[in-house]
Amino acid sequence: MLTNKFKMKNTYILFFLMFIFSCSQQKKGDLEGSWIRTGTINYLRGEPVDTLAFKGIFFEVYTKGSYSLLMNEIKIDSVSLEDIDKGSSEAGMYILEGNKLKKKVYYGTGWIGEVIDKRRDPVKGFVEVEFEVDYGNNHLSKLIRLDSIGNGFAEYYTRVE
């Protein structure tokens, strides 16, 4: 009798551990948190060919359903040798479905604000953008739409927190 209880208990423990392990293997990691852009992945004919370090600040924060972005690239004027990028920001809501990140951009400053004002759906009140993403506990890449022959780039981020 004691042996059957021992076997049953071990069976439950084994199933519990298998369940935990299988769930942790399937889950890539939460997108929620703070991310800083550290690079740009260049694509040629649909394949990643090079990764370049990102210069400037590109900081994204994702919470439950909403996000914000602060951006200030380094763009040095060749004559004055001063950084001419004034920076910009955006904020809105997001949905993550598999490897698709869909953003509803409601607010923006700088050039992003100008784009939102021009492209905002008057009925919905936002601009919708979509990215193919690959993410894990400490990495995030957002593929910007590739052209017809597969050339383009992805933004590469690492987790801050």
Find out whether Thr40 and Thr51 are in side-chain contact, i.e. whether some heavy atom of one side chain is under 4.5 Å from a heavy atom of the other. no

As a quick check of understanding, evaluate side-chain contact (heavy atoms from CB on, under 4.5 Å) for Asp134 and Leu143, giving each step before the final call. CA-CA 8 Å; Asp134 177 45; Leu143 182 64; over 6 Å; no

Give the minimum heavy-atom separation between Ile112 and Ser88, together with the two atoms involved. CD1-OG, 3.5 Å

According to a hydrophobic-cluster definition based on side-chain heavy atoms being under 4.5 Å apart (Ile, Leu, Val, Met, Phe, Trp, Tyr only), do Val129 and Tyr135 belong together? yes

Same apolar cluster: Trp35 and Tyr156, side chain cutoff 4.5 Å: no

Check which hydrophobic residues are tied to Leu44 through side-chain heavy-atom contacts below 4.5 Å, counting indirect links as well, and list them. Val49

Contacts satisfying ring-ring contact (aromatic ring centres under 6.0 Å, His included) that involve residues 107-134 (not counting sequence neighbours) are Tyr106-Phe126

For Lys102, is there an ion pair with Glu97 - N to carboxylate O distance below 4.0 angstrom? yes

Interatomic distance, Lys64 atom NZ to Leu31 atom CG [nearest 0.5 angstrom]: 12.0 Å

Report all side-chain donor-acceptor pairs from residues 144-154 shorter than 3.5 Å, counting only partners two or more places apart or in another chain.
from   : atom 1 : to     : atom 2 : distance (Å)
Asp147 : OD1    : Ile149 : N      : 3.1
Asp147 : OD1    : Gly150 : N      : 3.0
Asp147 : OD1    : Asn151 : N      : 2.8
Asn151 : OD1    : Arg45  : N      : 2.9

When rounded to the nearest 0.5 angstrom, what distance separates CG in Asn138 from CZ in Arg159? 6.5 Å

Give, for atom CZ of Arg120 and atom NZ of Lys124, the distance between the pair rounded to the nearest 0.5 Å. 13.5 Å

What pairs of donor and acceptor atoms, side-chain ones from residues 53-63 against any protein atom, are under 3.5 angstrom apart with sequence neighbours left out?
from  : atom 1 : to     : atom 2 : distance (Å)
Glu60 : OE1    : Lys142 : NZ     : 2.9
Glu60 : OE1    : Tyr157 : OH     : 2.9
Glu60 : OE2    : Tyr62  : OH     : 2.9
Glu60 : OE2    : Lys103 : NZ     : 2.7
Glu60 : OE2    : Lys142 : NZ     : 3.4
Thr63 : OG1    : Ser66  : O      : 3.3
Thr63 : OG1    : Ser66  : OG     : 2.7

For the hydrophobic clusters of this structure (ILVMFWY residues joined by side-chain heavy atoms under 4.5 Å, transitively), does one cluster hold both Leu101 and Leu140? yes

To the nearest 0.5 Å, what is the distance between CD1 on Ile76 and CG on Leu81? 7.5 Å

Can you check whether Asp121 reaches Val127 side chain to side chain, under 4.5 Å on heavy atoms? no

Cluster check Met71, Ile36: I/L/V/M/F/W/Y, side chain < 4.5 angstrom: no

Do Leu69 and Ile116 belong together in a cluster built from hydrophobic side chains that touch within less than 4.5 Å? yes

For Leu52 and Asp50, what are the C-alpha separation, side-chain angles and deciding distance, and is it a side-chain contact (heavy atoms from CB on, under 4.5 Å)? CA-CA 7 Å; Leu52 305 171; Asp50 195 15; 3.5 Å; yes

How would you list, by chain and number, every residue that makes a side-chain hydrogen bond (donor to acceptor under 3.5 Å, both in side chains) with Ser89, sequence neighbours excluded? Thr109

Residues in salt bridge (Lys or Arg N to Asp or Glu O under 4.0 Å) with Glu114, at least two apart? none

Could you measure the distance from the CD atom of Glu155 to the CZ atom of Arg37? Nearest 0.5 Å is fine. 4.5 Å

